[in-house]
Number of protein chains: 2
Amino acid sequence: MNGKATTIRTRLERGRSALGPALELVHTGRAPTRAVLTAELGVTRATAGAVAAELEALGLIQVDSRPGAAAGSQGRPSHRLAVNDSGPVVLAAQIHADGYRAALVGLGGRIVATAPGRKTVSADPAQVLGAVVDAGARLLRESGRRCVGAGLAVPSAVAEPEGTALNPLHLAWPAGSPVRDIFAEQVREAGITGPAFAGNDVNLAALAEHRHGAGRGAQHLLCVATGHRGVGGALVVDGRLHTGSSGLALEVGHLTVNPDGRPCYCGGRGCLDVETDPLAFLTAAGLAPGPETSLLQQSRELLRGQYGDPAVRAACEELIDRLGLGLAGLVNILNPDRIVLGGLHRELLDADPQRLRAVVADRSLWGRSGGVPILPSTLDHNSLVGAAELAWQPVLDDPLAALAASQTPA
Amino acid sequence: MNGKATTIRTRLERGRSALGPALELVHTGRAPTRAVLTAELGVTRATAGAVAAELEALGLIQVDSRPGAAAGSQGRPSHRLAVNDSGPVVLAAQIHADGYRAALVGLGGRIVATAPGRKTVSADPAQVLGAVVDAGARLLRESGRRCVGAGLAVPSAVAEPEGTALNPLHLAWPAGSPVRDIFAEQVREAGITGPAFAGNDVNLAALAEHRHGAGRGAQHLLCVATGHRGVGGALVVDGRLHTGSSGLALEVGHLTVNPDGRPCYCGGRGCLDVETDPLAFLTAAGLAPGPETSLLQQSRELLRGQYGDPAVRAACEELIDRLGLGLAGLVNILNPDRIVLGGLHRELLDADPQRLRAVVADRSLWGRSGGVPILPSTLDHNSLVGAAELAWQPVLDDPLAALAASQTPA
DNA sequence: TTAGTTTGTTTAGTAGCGGCACAAACTCAG
DNA sequence: CTGAGTTTGTGCCGCTACTAAACAAACTAA
């Protein structure tokens, strides 16, 4: 009964319907040649060729004459299909505990230019976001590239469709700040073309890992990460973020992983949040956390440098057991086919992969027969690249419409 | 790199692409007239008319001349669009602790004919499934209707794509029984046309509730139910079952809801499974469960008949608190926009809806501001109807192909 | 050199859908 | 009772994205 017709998309809007899927295949590197593009789309060679030509005409992809397929195959060599290196870009912005970062990101998830993060902290989101957008606008001017959108990653749950940050951790922003609208406003004022989006940083990191990192090819990708305090989760299903009905899904921090654990502000005790974050690690290792460097940095140095120390090792194993219990619970509920860990959790995995995999397999119901692959994240700045993915999405969904929209800022 | 082209569907296969979506709208009662079908599909009136005509020609829907819209509106009255009452049916089968049940189900989820369940229990799945299929085949012969598929609901997790029952509770079947293949074989041997499917009963109940019951219109529907022992969960996202990467998602029984609780076979303690099922309720109420009637039946009678009894009431409140904690955990992870409860959980909700809603709102992170609607299931035999939905799905996805396939049994 | 294989392009031809005009069936005002 | 307004249903035309099939191109292998 809702007026909007969201039921069918593909066939009803004019223009080539295969344009978006084709671009996504090139964007994620799954279509290196026209031949595999043909197979992957399930269309005839004629159509795939026309689609590729149109994407090339739009300036989104480029075709090299160099052979794209593996050498040694017989038959006529295929031409290489790749993202246009000098095509349009999107503005990606990330706010984190220590400051912010702005970047221009092209198709394929390639970071074209970056503005170094600065340690500026303000209780006013508009001020911080204004600074990031300014940095981004400067990058855009310097590069002279066309911009088709902007994406923002924040360390907070972002409610949809309002675009408000419900719990901006370590940012001192007021809860419920309309970050998406503030960001969009700043972007518009800076003269940057295209729509603006905002999302949770772990969600966006998961999106990036799925398209360009350790999550490539996974159908149900679960990501769990912890940076400074608290634990974030994300799920990517069939290439799309699963954010629940209002963007608040995968709030995994309050799974009980230690019945006798320390109390948590949520009202429970022994939550994943307070049992597996860097602070928990440092205290388990018997260290008073120093304020000079970040908790994650301290934990990382400890794990990499002094893993021989029995106290450090014991703390590591304790956290692995707790994390494994939490992951097992998530496996039971979400049944992913791959898990990618970031932040301190990634370090814990690197330190003792066997133990973590064993705990997860042992405590998940069906894990005994096989178990889910657990991998460390592989992408640098994955939240930033994920923010770019958010901005690229309209282009991937409908290149013609998105490019036309960003051409006329209206 | 998988050969199959699953990327695009709609525009590439021949035939009207709006046929499936249109049938689904009529099937779920969301398109009572051609006019709203037009709006809902987002096509022109001409196209919607043609689509409706083709569906009618296929014998799937019927158009009455009686006005379909609400009276009192001006303009030309619309014709009523409805499912064809004498059209094809599917065979739905359900296995439960006390026996089995077979039924013929038409479009719209209407049960056309039922064969009474019988108390036959065997350790051989082939024997029990053979009996259900025989009963179904008898129904089909008596009705003379055309059959386009068969669906089976079993009280067990069903692994995909193998179609094996991993933990057939209270059935004494060997774990890992290939129920889908056994069922399909029996269906084929009985001369029943169309493909055969199998699924977990709670999953299928959720699907049915979403399409024809308390879950209608929900985007992210979470269902939780307990029948005899153990707790089942299911999630329906955008009208499709979310079963994870291998059909094993929503195994919610082992969320920790009572740190000091009784030990569970999973290795943990205080799991939802052992803290909120009928056995837990009866023991909490101080009763030794009698073997004569089912545990759910006993619990239900106790709750409805002796709710005044302090012990019963205390047991009820204890279970509500535990269930609420579990639901809150699921809300944090899945962020549904509606929750539907079945079995004993439904009874608990009916007994004290205020208390359950309060607990869930209090213990879920974002629940304090609003809270998710929690409703009791409304459909009789929802697992059975859900099994039928499974069988209808190919027809809803592509009516032309599905009907053609079931015509020629090959 | 010739056959075989894979890739890319050109040429019809088909069909689904949008756009538009028109017809049908009602309500409401006067 | 009549005509204007409104909503619904249908017939016709044209566009265009697609398939199909033949052809051309660029390699390998014998």
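Only this structure's heavy atoms are used, side chains among them; waters, hydrogens and symmetry mates stay out. Letters A, B, ... mirror the listed sequences (proteins, then strands); counts begin at 1.
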- Query: Any Lys/Arg nitrogen of B:Asp398 or B:Arg16 sitting under 4.0 Å from an Asp/Glu carboxylate oxygen of the other?
  - Reply: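 Result for this pair is no, no salt bridge flagged.
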- B:Ser17 side-chain N/O to C:dC17 phosphate OP1/OP2 under 4.0 Å: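 It does, given that an N or O in the side chain of B:Ser17 lies less than 4.0 Å from OP1 or OP2 of C:dC17.
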- Query: Are OP1 or OP2 of C:dG18 and a side-chain N or O of B:Thr44 less than 4.0 angstrom apart?
  - Reply: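 True: B:Thr44 side-chain N/O within range (under 4.0 Å) of C:dG18 OP1/OP2.
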Between [X] ([atom1]) and [N] ([atom2]), how many Å, whole number?
X       : N      : atom1 : atom2 : answer
B:Glu54 : C:dA15 : CD    : P     : 12 Å
B:Leu81 : D:dT8  : CG    : P     : 13 Å
B:Gln74 : D:dG3  : CD    : P     : 19 Å
A:Asp64 : C:dG8  : CG    : P     : 13 Å
A:Leu41 : C:dG8  : CG    : P     : 13 Å
A:His79 : D:dA25 : NE2   : P     : 13 Å

- Mind checking salt bridge (charged side-chain N to carboxylate O under 4.0 Å, His left out) for B:Arg34 and listing every partner two or more places apart, or none if nothing turns up?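 With neighbours one apart ignored, the set is empty.
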- Item | Partners meeting salt bridge (charged side-chain N to carboxylate O under 4.0 Å, His left out) with B:Arg188 (sequence neighbours left out) |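 Only B:Glu185 meet the salt bridge (charged side-chain N to carboxylate O under 4.0 Å, His left out) criterion with B:Arg188.
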- Qualifying salt bridge (Lys or Arg N to Asp or Glu O under 4.0 Å) pairs, either residue in residues 41-52 of chain B, two or more places apart: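 Qualifying pairs, neighbours excluded: none.
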- Query: Of all the nucleotides listed (D:dT19, D:dA17, C:dT5), which has the minimum atom distance to the side chain of A:Thr47?
  - Reply: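 The listed nucleotide nearest to A:Thr47's side chain is D:dT19.
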- Task: Just jot down the side-chain contact (heavy atoms from CB on, under 4.5 Å) partners of A:Leu390, sequence neighbours excluded, or say none.
- Result: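 With neighbours one apart ignored, the set is A:Phe197, A:Leu204.
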N/O contacts under 3.5 Å, protein versus nucleotides 10-13 of chain D?
residue	atom	partner	partner atom	Å
D:dT10	OP2	B:Arg34	NH1	3.3

- Query: ring pair (Phe, Tyr, Trp, His ring centres under 6.0 Å) with B:His242: which residues, sequence neighbours excluded?
  - Reply: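 B:His242: ring pair (Phe, Tyr, Trp, His ring centres under 6.0 Å) contacts with A:His220, A:His242.
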